[in-house]
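Reading through the structure tokens given below for one structure.
Every value quoted in this text rests on a predicted model; they were computed, and no experiment measured them. Note that the numbering runs from 1 along the sequence shown for the chain.
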Amino acid sequence: ARKRVVLLKAGRTTAGGRTAASHTAALAGRRAVWEAAVRQAGALAVGTVEELIDMLIAFSYIRPGRGRNVGVVGGGGGRSVLAADQCEEAGLATPPLPTEIESVIAERAPDLAGWITNPVDQSILAGSGIGGAEVLSLMAKSDAFDALIANVGEPWALGRPNAEPLVRRVTERFVEIGTRSPKPFAVVLGPADYSVEWQWRLVTEAREKLVNARLAVFPSMERAIRSLATFLACWRDRGK
């Protein structure tokens, strides 16, 4: 196929197959046979509706790439540590910042020299001489990173007095970097399920800007990492 094909099949298990057969009178088939047929056809099998949606977004909006080294920016300290774990578990690497990026950080924010790692903790950068979007821009230009994940980090931002201009500025910078960089690029922005009107309107506005810029937007870091890892693996397999 010239286009990527993503398949979600019900009836993969014994119980599911029995239910499918009784419901549609169709042959469910054995899981191993199904998976082998999908691989031979060059398609991608997924297990949930969420995965189906995520992979359609990935193949529609992420630029092709094969490397495993990912630069991650955004979110607080705990989220950054979890992102590092999730990347490694998904088969992605989060290499440390190269010397040239560390030099820029040391020059712009001397107090942070040696403290910033990948994934980048946005909360550490607050009030310093350098922002997360600028570090992301440096990553986009560095050969040390094959792909990028940018986390808007709106839960942290919404607790600050300058939340509205902050979220808008971060979103605009991510659009600028994501549309210019030739590297695979994914954005994380959570759902707009806030009870306060100005908050859900702000998050909805940010999502519209990202989507209109044709960037791949995922509702969580976990889904962004899983989708990017699968996406890159598919391109590696195709290149063999």
Side chains of residues 75-96: which donor-acceptor partners sit under 3.5 Å, not counting sequence neighbours?
| from | atom 1 | to | atom 2 | distance (Å) |
| --- | --- | --- | --- | --- |
| Ser80 | OG | Gly76 | O | 2.8 |

Counting only pairs under 3.5 Å, give me each side-chain donor-acceptor contact of residues 147-155, with atom names and distances, residues two or more places apart or in other chains.
| from | atom 1 | to | atom 2 | distance (Å) |
| --- | --- | --- | --- | --- |
| Asn151 | OD1 | Gly153 | N | 3.0 |
| Glu154 | OE2 | Gly190 | N | 2.9 |

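Look at Arg169 and Glu172 and you find no salt bridge, because none of the NZ, NE, NH1 or NH2 atoms lies under 4.0 Å from a carboxylate O. Salt bridge present: Glu205 and Lys209 bring a charged side-chain N and a carboxylate O closer than 4.0 Å. Using a cutoff of 4.0 Å between basic side-chain nitrogens and carboxylate oxygens, Glu164 and Arg168 are scored as salt-bridged. Asp54 has a carboxylate O that lies under 4.0 Å from a charged side-chain N of Arg226, or vice versa, which qualifies the two as a salt bridge.
For Asn118, there are no side chain to side chain donor-acceptor pair (under 3.5 Å) partners, not counting sequence neighbours. Evaluation of the side-chain contact (heavy atoms from CB on, under 4.5 Å) rule for Ile53 yields Val49, Ile57 as partners, not counting sequence neighbours. Listed by chain and number, the residues in a salt bridge (Lys or Arg N to Asp or Glu O under 4.0 Å) with Glu51 amount to none (sequence neighbours excluded). When the ring pair (Phe, Tyr, Trp, His ring centres under 6.0 Å) test is applied to Phe59, the partners found at least two apart in sequence or on another chain are Phe231.
At least one donor-acceptor pair closer than 3.5 Å links the side chain of Thr179 to the backbone N or O of Glu176. No donor-acceptor distance shorter than 3.5 angstrom exists from the side chain of Lys183 to the backbone of Asp146, with no hydrogens or angles considered.
Under a cutoff of 6.0 Å and an axis angle of 45°, Arg4 and Trp235 form a cation-pi pair.
The hydrophobic cluster containing Ile225 does not contain Phe185, counting ILVMFWY residues as joined when their side-chain heavy atoms lie under 4.5 angstrom apart, directly or transitively. Val175 and Met139 fall within the same hydrophobic cluster, where Ile, Leu, Val, Met, Phe, Trp and Tyr residues are linked whenever their side-chain heavy atoms come under 4.5 Å apart, directly or through other members. By the rule that hydrophobic residues join a cluster once side-chain heavy atoms approach within less than 4.5 Å of another member, Val6 and Val217 end up as members of separate clusters. Taken together through direct or relayed side-chain contacts under 4.5 Å among Ile, Leu, Val, Met, Phe, Trp and Tyr, Val5 and Trp34 form part of one hydrophobic cluster.
Within a 6.0 Å sphere centred on CG of Asp143, heavy atoms belonging to other residues, nucleotides or ligands number 12 at most. Enclosure of atom CZ in Arg214 is not indicated, since only 12 or fewer non-hydrogen atoms of other residues, nucleotides or ligands lie within 6.0 angstrom. Within a 6.0 Å radius of CH2 in Trp200, more than 12 heavy atoms belonging to other residues, nucleotides or ligands are found. Sparse packing is recorded around CD of Glu107, with 12 or fewer heavy atoms of other residues, nucleotides or ligands lying under 6.0 Å away.
Each of Val120, Val72, Val73 was checked for a side-chain contact (heavy atoms from CB on, under 4.5 Å) with Leu136, and the lone residue meeting it is Val73. Only one option out of Thr230, Leu52, Leu56 pairs with Val46 in a side-chain contact (heavy atoms from CB on, under 4.5 Å); it is Leu52.
Closest of all the heavy-atom pairs between Arg207 and Ala192 is NH1-N, 4.1 Å.
The shortest distance between side-chain heavy atoms of Thr171 and Leu210 falls below 4.5 Å.
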Would you please test Arg108 and Glu134 for salt bridge (charged side-chain N to carboxylate O under 4.0 Å, His left out) and show each step?
CA-CA 11 Å; Arg108 298 284 301 279; Glu134 187 168 358; 2.4 Å; yes

